[in-house]
Amino acid sequence: MYVFKNKESIFIKIFVLVIFLFSGFIFAKLYQPQSKTINIYKQALKDYENGNYSNSYYLFSKISYLSKLKPVAIYRQALCARALGDEKSELRRYQQLFNNYPSDKLSLEAKYLAGQLVIDSNPNLALRYFKSVAKSSTDEDYKIASEYYKSKIIASKIRYSNRIFSRSKIATVEKSFREYLTKYPDGRLAVNAANTWKKFNPNIKSVDATLIARAYYFAQMYNEALEIFPKTQLKNSWAIQAATAYSKHDYLKVKTLTEQGVAKYADSVIRDDYKMAVDDYILLFEDKDKYKYSSKLFSLAKGPNKDYIWNLKCINSPQNAKAACYKDLYMNYPNGEYASNSLLQVIFAEINNKNFATARILAKDFIEKYPDSEDYPKVLFWAGKIEQKYYNTAAAVSYYQNIVNKYPDSYYAYRAFWLLKGVPQSTIAASLDYKPVVYPYKYPNPNEILYNLLEVKDYDMILKYTKDEFIKSWVEYERGNYSSSVIIARDAMAKAQVKPIKSDLRWRLVYPQNYYRQVKNYANQYKNNDALMMAIIREESYFNPEAQSGVGAIGLMQLMPSTAHEIGAKNGIDFNTSYLFNPELNIRLGNLYYSTIRKMLGNKDVSAIAAYNGGIGSVTRWKSTLNYNDTDEFVEQIPYFETKNYVIKVFRSYWNYTRIYQQ
């Protein structure tokens, strides 16, 4: 009895020891110090970026299952397998990801990609995956694409099956193709959808055949579009037919189709297609004839889209007829797409004609009717100018303060603030602090996946885990893509209904101080305003030192080689044209050039900025011929739209550099 109990005790001890050792082994496999995880992931990412996919695959597999980075590492393994051409391993990793981490951000994307891999070998499995993605809450692009693949698989089954399918089943398939081509006519799957749909139903309806033709047009498959047009009715397809004819240089057909279309079938086409056809029609004629033929098309046009041609007619009208044209457009379409702009044009015609009482009434009407217009701060500003000069100073202050509070980053906030402070000149000397671009928000919690991705600097995956445009901008900045970074941040800030305070870190992405050391050095040397020089660089090149325009302007400050060499020769600076891509030299010569034209224009920065874009001869002529009393009137009367817009954009940037970085 004693021997038996002793053996039982030994067995229990051995069992406990084995369990302990096994648990220790499992724990060792699962547990990994965070510092080690980070180092392994960074090396795996480095190998991936260097094309060493096999070692990268292995290292990503070493990331602990307890780490927040594990699902990302599995996704990365799939990418490695794809790069190696190993579809089986790629598929297994996707399946591991969405089976083990179903709630992870990457899970549905993995399921979508897995569906693509098995669509030919196992269409039933692919269909199951695509159905799951299509009914999920994932990105709209994946859902729409999944709907397409669902329809493609079902369409193939119907085509090659002896079974009789219900009309509702067939209608469901066609509905998916229709929705995809309506929403994404130029999407990456559009041509595939068009081809599949055409095979699925050779007797397609006119409206649907037009959608297929549009997909071919946007893919520049003009011959394929021509082949499908006979299946359409002219009332549905005239606009896309006209656009295709323009691309095929059949200009007589463009003219005939567009004139017939706007007269008879304006209501039967998509508005964007209508605009495209009309634009191509107007492009057939030289500038001197555009008014004549836009007027002809206007006289033929019927239906709700007529306001588009009316607006083009006003744009191309003789200067003395523009105001009347815009007034008529506004009166006939007071709630149309061009109503606010038409009223704006009428207001400024009255201001230019010194009819300030009428302009005042119209401005109040605009302010009441169009608070969401992008021109709202402009009208507020000029309403303030009129009040300040002729009527009520307190009302003017109210208008100006409203602009500064609601539109703090706008050009008109700059002008309003200057008037409120009584600053007579366009620029003031301001010492700027250098503030680097940093992550635009408070850092994520360490328990969040975004925190871990920031630690390992996996920018591709950061973009997959966030939709925030400012984070996307920051990622582009970190990658050295300064131009795309600024553009993304600029567009994101434009969408913000309420602008953040000037110390908000997001502003640094919209107005970064790239190359500020060189700018400050040469601005001081040549007595230029450093914030204004930063503004020129931002608007000319968005900080791309490799920028080159269609007319040959080069580098950060977009210098024409002939101008740069002339300025260089006068100042003893000899260089090859290719050196203009060098930021240091470009900034130096740009400052020298700006300093030269500013001195020639009486040290007036507004005149110099206009000349930087439009030429010193043009500015000299405008200053002698335009009827203006102050800087604001001069800017609004600049006859070249590009130059006027350039002046406004540069001084808006100047204002924001001083606003954000001034000590």
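The structure displayed is predicted, hence computed values, not measured ones.
Side-chain contact between Asn332 and Trp310: present, with at least one pair of heavy atoms (C-beta onward) separated by less than 4.5 Å. Contact check for Thr427 versus Asp605: side-chain heavy atoms found under the 4.5 Å cut-off. Counting heavy atoms from C-beta on, the side chains of Ile315 and Asn311 come closer than 4.5 Å. For the pair Ile351 and Ile386, the minimum side-chain heavy-atom distance is below 4.5 Å. Counting heavy atoms from C-beta on, the side chains of Leu532 and Asn528 never come closer than 4.5 Å. For the pair Tyr41 and Glu455, the minimum side-chain heavy-atom distance is 4.5 Å or more. A heavy-atom distance below 4.5 Å is found between the side chains of Lys354 and Asn629.
When all heavy atoms are compared, the tightest approach of Ile609 to Tyr594 is CD1-CE1, 3.6 Å. Contact between Ala359 and Glu350 at its shortest, heavy atoms only, is CB-CB, 3.9 Å. Considering every non-hydrogen atom in both Ser294 and Lys313, the closest pair reads OG-CA, 3.6 Å. Taking each heavy atom of Ser484 and Glu476 in turn, the nearest pair found is OG-OE1, 3.0 Å. Annotation for Pro583 and Pro545: closest pair CG-CB, 3.9 Å, computed over non-hydrogen atoms. Considering all non-hydrogen atoms of both residues, Val510 and Phe470 come closest at CG2-CE2, 4.3 Å.
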Problem set entry | Worked check of side-chain hydrogen bond (donor to acceptor under 3.5 Å, both in side chains) between Gln388 and Tyr399 | CA-CA 10 Å; Gln388 183 180 22; Tyr399 280 131; over 6 Å; no
For this session: Could you check Tyr482 against Asn544 for side-chain contact (heavy atoms from CB on, under 4.5 Å), going step by step and ending with a plain yes or no?
Result: CA-CA 7 Å; Tyr482 299 142; Asn544 177 12; over 6 Å; no
Problem set entry | Pair Trp655-Tyr411, ring pair (Phe, Tyr, Trp, His ring centres under 6.0 Å): steps then yes or no | CA-CA 7 Å; Trp655 160 246; Tyr411 167 80; over 10 Å; no
For this session: Apply salt bridge (charged side-chain N to carboxylate O under 4.0 Å, His left out) to the pair Asp504 and Arg506, showing each step before the final yes or no.
Result: CA-CA 5 Å; Asp504 191 288; Arg506 288 171 288 180; 2.9 Å; yes
Exercise. Should Tyr542 and Arg490 be marked as a side-chain hydrogen bond (donor to acceptor under 3.5 Å, both in side chains) after you check the CA-CA gap, both sets of side-chain angles, and the distance that decides it?
Worked result: CA-CA 11 Å; Tyr542 281 118; Arg490 176 202 67 188; 2.7 Å; yes
For this session: Give the intermediate values and the outcome of side-chain hydrogen bond (donor to acceptor under 3.5 Å, both in side chains) for residues Ser653 and Glu539.
Result: CA-CA 8 Å; Ser653 281; Glu539 298 306 328; 2.6 Å; yes
Exercise. What's the verdict on side-chain contact (heavy atoms from CB on, under 4.5 Å) for Phe651 and Val635, showing C-alpha distance, side-chain angles and the deciding distance?
Worked result: CA-CA 11 Å; Phe651 278 99; Val635 171; over 6 Å; no
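Under 3.5 Å, the side chains of Tyr441 and Asp468 contain a donor-acceptor pair of N or O atoms. For Tyr593 and Glu566, the side-chain atoms include no donor-acceptor pair closer than 3.5 Å. No side-chain donor from either of Asn352 and Tyr628 sits under 3.5 Å from a side-chain acceptor of the other. With 3.5 Å as the limit, one finds a donor-acceptor pair spanning the side chains of Tyr516 and Asp530. Side-chain contact, Tyr526 with Arg588: a donor N or O sits under 3.5 Å from an acceptor N or O. For Asp409 and Asn656, the side-chain atoms include no donor-acceptor pair closer than 3.5 Å. Judged by distance alone, the side chains of Tyr293 and Glu286 never bring a donor and an acceptor atom under 3.5 Å apart.
Between Lys46 and Glu49 there is no salt bridge, since no side-chain N of the basic residue sits under 4.0 Å from a carboxylate O of the acidic one. A salt bridge links Arg479 with Asp460: the distance from a Lys NZ or Arg NE/NH1/NH2 to an Asp or Glu carboxylate oxygen falls below 4.0 Å. With respect to Asp280 and Lys275, no salt bridge is recorded, no charged nitrogen being found less than 4.0 Å from a carboxylate O.
Taken to the nearest 0.5 Å, the CZ atom of Arg659 stands 4.5 Å off from the CH2 atom of Trp507. Considering NZ of Lys502 and OH of Tyr511, their distance stands at 14.5 Å, rounded to 0.5 Å. Between atom OH of residue Tyr414 and atom CG of residue Leu419 there is a gap of 9.5 Å, rounded to the nearest 0.5 Å. How far CD of Gln518 is from CD1 of Ile537: 8.5 Å, rounded to the nearest 0.5 Å. Atom-to-atom distance recorded for Asn335:CG and Asp307:CG is 11.5 Å, nearest 0.5 angstrom. Atoms CG and CG, on Asn529 and Leu432 in that order, are 7.5 Å from each other to the nearest 0.5 Å.
Within the 3.5 Å criterion, the main-chain N or O of Glu448 finds a donor-acceptor partner in the side chain of Asn452. Here the side chain of Asn316 pairs a donor or acceptor atom with the backbone of Leu312 at under 3.5 angstrom. Of the possible donor and acceptor atoms, none in the side chain of Asn521 sits under 3.5 Å from a partner among the backbone N and O of Arg517. Side chain of Lys644 to backbone of Ile638: no donor-acceptor contact under 3.5 angstrom is found. Of the possible polar contacts, none joining the Asn613 side chain to the Tyr646 backbone as a donor-acceptor pair under 3.5 Å is found. In this structure a side-chain-to-backbone donor-acceptor pair under 3.5 Å is missing from Trp418 to Pro424. Remark: the backbone N or O of Leu585 is paired with a side-chain donor or acceptor of Asn582 at under 3.5 angstrom.
Aromatic pair Tyr640/Trp622: ring centres closer than 6.0 Å. Under the 6.0 Å cut-off for aromatic ring centres, Tyr330 and Tyr326 do not qualify, their centroids lying 6.0 Å or more apart.
Residues forming a salt bridge (charged side-chain N to carboxylate O under 4.0 Å, His left out) with Asp630 (at least two apart in sequence, or on another chain): Lys385.
Under a cutoff of 6.0 Å and an axis angle of 45°, Arg415 and Phe381 do not form a cation-pi pair. Annotation: cation-pi geometry satisfied between Lys623 and Phe634 (NZ/CZ under 6.0 angstrom from ring centroid, within 45° of ring axis). Tyr390 does not carry Arg360 over the face of its six-membered ring by the limits of under 6.0 Å from the centre and within 45° of the normal. Within the cation-pi definition used here (under 6.0 Å to the ring centroid, within 45° of the axis), Lys306 does not qualify as a partner of Tyr333. Taking the ring centre of Tyr412 as origin, the terminal cationic atom of Lys378 falls outside the region bounded by 6.0 Å and 45° from the ring axis.
The aromatic rings of Tyr657 and Tyr661 lie parallel to each other, with less than 30° between the two planes, well short of the 60° mark.
No more than 12 heavy atoms of other residues, nucleotides or ligands shown are found within 6.0 angstrom of NZ on Lys327. In the displayed structure, Gln319 atom CD is contacted under 6.0 Å by at most 12 heavy atoms of other residues, nucleotides or ligands. Heavy-atom neighbours of Lys369 NZ from other residues, nucleotides or ligands within 6.0 Å: above the threshold of 12. No more than 12 heavy atoms of other residues, nucleotides or ligands shown are found within 6.0 angstrom of NZ on Lys604.
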